[in-house]
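Worksheet: one structure, shown below.
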Amino acid sequence: MGSSGGSGRKLAADRRNTRPAKATKPQARTTSARKAAPAKRKSGNILVRFVAGTVALFWRIIWGVTWRLGATVAMLLFVATGYFYMTMPPLGDLMDARSRGSVTMTDASGNVFAWRGETFGGIITADTVSPHLRNAIIATEDRRFYSHLGVSPRGIAGAIRSNMQSGRSAFSGAGGSTITQQVAKLLCLGVPFDPDEWSSEAEYESDCRRGTIWRKIKELPYAFALEAKFSKDEILTIYMNRAFLGAGSRGFEAAAQRYFARSANEVGPAEGAMLAGLLVAPSTFAPTRNLARAQARANVVVGLMQEQGYLTPYEVAEARSYPATLSSSAETQRGISFADWLMQSGPSFLTRNTTEDVMMRTTFDARIQTAAEDAVAHVFDNRVREGSEAEVAVVVMSADGAVRGMVGGRSASVGGFNRATQAMRQTGSAFKPFLYAAALENGFEPFDIVEDAPLTINTPGSGPWSPRNYDNQFHGFVTLTEALARSLNTPAVRVSEAMGRARVREVANQFGLHSDLAEGPALALGASESSLLEMTAAYAGILNGGNAVRPYGIEELRLLQEATPLFEARGGIGDRVISERSAQVLTWMMTQVVTEGTGQRARLDGRQVAAKTGTTQAARDAWFIGFTADYVTGVWMGYDDNSPLQGVTGGGLPAEIWRETMVRVHEGVPPRPLPMLQPERPVLEAPQSAPAQGQQPFTERGNTNSLEETIRGVLGSIFGGN
């Protein structure tokens with residue numbers, strides 16, 4: 001065999017293993033091997049690693065706290081929602097929860113002219129109310145009402161943004177509340193009114209409307225409970241029946257009746273927009289307060305309705321071209337003072353303190369009220385200097401005491417000071433008819449003679465007192481009729497002193513002048529105080545034949561929805577004070593005030609008028625009270641601070657206001673004669689010889705100067721003198 005190339009190395013085949021090789025498992029790396037492996041180096045700066053680790057730690061802590069806190073809040077919210085859900089009354093009990101009722105007043109013709117308290121017009125529902133009104137409410141207050149669950153996060157966020165952009169704090173101003181949340185607020189979160197906790201219902205509602213953060217938090221579960229308990233339309237129904245909409249209107253039905261004299265189920269787009277516009281600020285946007293402002297707000301609401309597709313272009317154009325206006329009864333705003341008087345004079349449990357809705361039929365006559373108001377405006381516009389603060393009051397009534405109209409001041413506001421009923425002022429010579437009524441009852445006659453001459457009376461504790469006439473002159477011997485017509489003072493005092501002051505006070509009290517009458521001799525000159533209403537009613541007692549009169553304005557009171565009256569008045573005539581003859585003779589004497597005396601500015605063409613003027617000391621009060629066969633009217637004029645009037649007497653501006661009132665009141669009323677009796681004038685025989693030189697001839701009373709000394713002596717023994 002040959003060699004392998006002479007390398008000297010022996011050639012041999014490799015040994016083969018005929019068995020298959022066992023699969024070997026990779027062995028675990030030993031500790032020594034791991035140690036031998038090179039260590040992986042950490043990347044990054046140590047500061048970065050520290051910050052990252054800290055953030056990760058805090059995130060794990062925050063996340064852990066947050067989900068636990070969220071779960072706790074969710075559980076509390078669920079429990080609170082469940083509690084409110086379980087304790088919430090049924091739907092019917094949530095429509096009207098007023099603690100006070102309302103009074104709706106109708107005039108003698110049955111037309112509504114005034115409301116007091118919070119009027120609830122009746123329940124309306126979301127499915128029966130005018131769709132224009134429903135859409136206006138949603139467009140204005142909560143455009144996503146039918147899609148949210150009671151709370152709108154977007155609405156709240158938008159309100160916060162709007163508040164901060166306006167420079168207010170986040171939760172001041174717009175609140176972003178949904179209609180459901182507003183219902184929660186209207187329901188005061190289920191807390192009823194408690195008179196022991198709140199001094200008034202207004203304070204209770206103010207507390208319910210507070211927009212604090214805690215209040216907002218409490219609204220959430222209540223809103224969720226409302227959404228769970230009621231349907232969307234039922235929630236909207238509660239809202240429409242409980243919202244306050246100004247002018248004492250609680251709910252949209254009352255507001256629609258108050259402003260437009262129609263149901264909320266019948267209003268159109270313009271009226272619906274005006275009603276919905278009230279929600280943001282009822283007192284500010286009430287059309288009875290400022291119609292132009294209410295129309296401007298309604299125009300904004302119309303724009304919102306257009307944006308949300310609730311109105312067609314034609315309906316938008318019509319609503320803007322013909323904005324909503326007030327009904328005639330709401331626009332006139334007549335009888336504010338009259339209505340206030342009835343609320344104070346009527347039975348309290350059916351008026352100012354009523355818990356029911358009351359219907360009141362009154363003696364009020366809107367035509368007569370307008371006549372009185374227009375007369376005052378006419379005289380002040382044309383006869384009183386601009387800027388004058390002089391005030392006025394007027395009362396018009398029938399002979400039985402039924403008050404037909406009342407002006408409580410030049411400008412009237414609900415609950416304001418009523419000068420016709422609340423102002424107690426000295427009556428001056430307007431008191432004198434009651435003095436002469438007492439005189440006629442005590443045997444005096446209209447043509448009896450009394451002396452108008454200086455008189456001094458010593459009053460214990462007050463010293464000497466000397467009455468004087470307005471013109472500072474004395475007029476000698478006059479008849480009682482002349483003394484009344486010319487409003488002479490010393491004759492009135494002499495007659496009063498001759499009868500006795502007690503008798504004068506008695507007659508005046510019986511005629512209805514119930515205030516404390518003066519004790520001294522100045523009683524005869526009207527030193528006592530009275531209200532215009534009392535004085536006018538007392539004059540009505542003369543017109544009706546001598547019977548006392550109780551002024552009244554309520555004819556019937558009944559509860560709403562009830563046909564049977566709780567109270568009815570059948571006139572105000574009371575007991576007889578003086579005889580019918582004395583009343584008719586006194587009426588004739590008072591006609592002379594207008595035809596010959598101090599009240600000539602009050603003459604009415606073609607009508608008989610009986611009246612009396614009155615001006616108090618320093619002209620602080622000026623009165624004119626008189627009557628025709630149909631109506632008695634009283635006028636007072638003065639300053640609230642009791643300062644003197646400048647150049648005004650009862651026969652001046654008050655007489656002119658009286659005349660302007662009565663001219664308007666009697667339009668279309670046929671003239672009737674006064675129930676009066678003109679007495680026969682006695683005739684004295686004249687002396688046969690002519691009067692001596694320097695003496696006066698006979699007067700038309702038949703008296704001569706030659707008789708004066710005799711008469712003076714006789715009258716002096718009767719009336720007294722100085």
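Counting from 1, the numbers follow the sequence of the chain as shown. This is a predicted model, so every value here is computed, not measured.
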With sequence neighbours excluded, residues passing salt bridge (Lys or Arg N to Asp or Glu O under 4.0 Å) with D127: none

Within this structure, what is the OG-OH distance for the pair S345 and Y552, rounded to the nearest 0.5 Å? 13.0 Å

Once rounded to the nearest 0.5 Å, what's the spacing between atom CE of M305 and atom OG1 of T312? 10.5 Å

Could you check whether R425 and N642, counting side-chain N and O atoms only, form a donor-acceptor pair closer than 3.5 Å? yes

Looking at L77, I want to see if its CG is surrounded by more than 12 non-hydrogen atoms of other residues, nucleotides or ligands under 6.0 Å. yes

Is Q344 close to D340 at the side-chain level, that is, under 4.5 Å between some pair of heavy atoms? no

Treating E219 as the side-chain partner and A184 as the backbone partner, does any N or O pair qualify as donor plus acceptor under 3.5 Å? no

Nearest 0.5 Å, please: how far is CZ in R558 from CG in L566? 10.0 Å

R419 side, atom CZ; W636 side, atom CH2 - distance, nearest 0.5 Å: 7.0 Å

Please answer whether the main-chain N or O of W115 pairs with a side-chain N or O of T104 as donor and acceptor at a distance below 3.5 Å. no

Between S249 (side chain only) and L245 (backbone N and O only), is there a donor and an acceptor less than 3.5 Å apart? no

Scanning both residues in full, the closest heavy-atom pair of Q369 with G405 reads OE1-CA, 3.2 Å

Apply side-chain contact (heavy atoms from CB on, under 4.5 Å) to K232 and H148, showing your working. CA-CA 10 Å; K232 287 289 188 179; H148 60 62; 3.4 Å; yes

Looking just at side-chain N and O atoms, do R404 and S398 make a donor-acceptor pair shorter than 3.5 Å? yes

Taking D142 for its side chain and I179 for its backbone only, find out whether a donor-acceptor pair lies under 3.5 Å. yes

Examine distances only and state if a side-chain atom of T362 and a backbone atom of T106 form a donor-acceptor pair shorter than 3.5 Å. yes

Not counting sequence neighbours, which residues clear side chain to side chain donor-acceptor pair (under 3.5 Å) with N290? List them please. none

Heavy-atom distance under 4.5 Å between the side chains of V392 and I657, does that happen here? yes

Could you tell me the separation between the CE atom of M360 and the CZ atom of F567, rounded to the nearest 0.5 Å? 9.0 Å

Quick one: do the T128 and T125 side chains pair a donor with an acceptor below 3.5 Å? yes

When you compare the side chain of E356 with that of L560, does any pair of heavy atoms fall below 4.5 Å? no

Are the side chains of T633 and T536 in contact, using a 4.5 Å heavy-atom criterion? no

Identify the heavy atoms of A256 and A264 that sit nearest to each other, and give their distance. CB-N, 3.7 Å

Is S348 close to N353 at the side-chain level, that is, under 4.5 Å between some pair of heavy atoms? yes

Suppose we screen for side chain to side chain donor-acceptor pair (under 3.5 Å). Which residues come up paired with R258, at least two apart in sequence or across chains? none

So CD of E234 and NZ of K229: to nearest 0.5 Å the spacing works out to 10.5 Å

Is the closest side-chain donor-acceptor distance between N265 and S130 under 3.5 Å? no

Quick check: are there more than 12 heavy atoms from other residues, nucleotides or ligands sitting under 6.0 Å from CZ of R143? no

Test item: R242 side-chain N/O and L94 main-chain N/O as donor-acceptor pair under 3.5 Å: yes

Mind listing the closest non-hydrogen atom pair of L304 and T140 along with its distance? CD1-CA, 4.2 Å

Would you indicate whether the side-chain heavy atoms of L350 and V103 approach each other to under 4.5 Å? no

Using the ring pair (Phe, Tyr, Trp, His ring centres under 6.0 Å) criterion, which residues pair with F364? Sequence neighbours excluded. F113, F338

Could you list the donor-acceptor pairs under 3.5 angstrom formed by side chains in residues 316-324, with sequence neighbours left out?
unit_1	atom_1	unit_2	atom_2	d
R320	NE	N299	OD1	2.8
S321	OG	A317	O	2.8

Check whether any side-chain heavy atom of F252 sits under 4.5 Å from a side-chain heavy atom of V129, and report yes or no. no

Contact summary for S177 and Q181, nearest pair of heavy atoms: CA-OE1, 3.5 Å

Sequence neighbours excluded, which residues qualify as salt bridge (Lys or Arg N to Asp or Glu O under 4.0 Å) partners of E555? R361

Would you tabulate the side-chain donor-acceptor contacts of residues 272-289 under 3.5 Å, counting partners in other chains and residues two or more places apart, or write 'none'?
unit_1	atom_1	unit_2	atom_2	d
R289	NH1	S283	O	3.2

Residues in ring pair (Phe, Tyr, Trp, His ring centres under 6.0 Å) contact with F84, at least two apart in sequence or another chain: Y222

Check S263 against E253 and note the closest heavy-atom contact, atom names and distance. OG-OE1, 3.0 Å

Show your working on side-chain contact (heavy atoms from CB on, under 4.5 Å) between M240 and I137 and close with a plain yes or no. CA-CA 9 Å; M240 290 190 299; I137 294 170; 3.8 Å; yes

Any donor-acceptor pair under 3.5 Å linking the side chain of D357 with the backbone of S102? yes

Let me see the working for M397 and T363 under side-chain contact (heavy atoms from CB on, under 4.5 Å), right down to the final yes or no. CA-CA 9 Å; M397 69 172 59; T363 61; over 6 Å; no

Could you go through H132 and Y310, starting from their C-alpha distance and side-chain angles, then the distance that decides it, and tell me whether this counts as side-chain contact (heavy atoms from CB on, under 4.5 Å)? CA-CA 8 Å; H132 298 299; Y310 290 124; over 6 Å; no

Between the side chain of T237 and the main-chain N/O of A126, is any donor-acceptor distance below 3.5 Å? yes

Please give me the minimum heavy-atom distance between S327 and A261, naming the atom from each residue. CB-CB, 3.7 Å

Tell me every residue that passes ring pair (Phe, Tyr, Trp, His ring centres under 6.0 Å) with Y631, counting only those two or more places apart in sequence or in another chain. H666

Apply the test side-chain hydrogen bond (donor to acceptor under 3.5 Å, both in side chains) to residues S231 and D233: give CA-CA distance (whole Å), side-chain angles for both, the deciding distance (0.1 Å), then the verdict. CA-CA 5 Å; S231 68; D233 279 350; 5.8 Å; no

Pairs touching residues 378-393 that satisfy side chain to side chain donor-acceptor pair (under 3.5 Å), sequence neighbours left out: H378-N382, R383-E656

Modelled atom types, side-chain donor and acceptor of T180 and E227, under 3.5 Å: yes

The complete set of salt bridge (charged side-chain N to carboxylate O under 4.0 Å, His left out) pairs with one or both residues in residues 268-285, sequence neighbours excluded, reads R262-E271

More than 12 heavy atoms of other residues, nucleotides or ligands under 6.0 Å from OH of Y146: yes or no? yes

Once side-chain contact (heavy atoms from CB on, under 4.5 Å) is applied, do any residues pair with S109, and if so which ones, sequence neighbours excluded? D107, N111

Flag side-chain contact, heavy atom, 4.5 Å: V79 against Y83: no

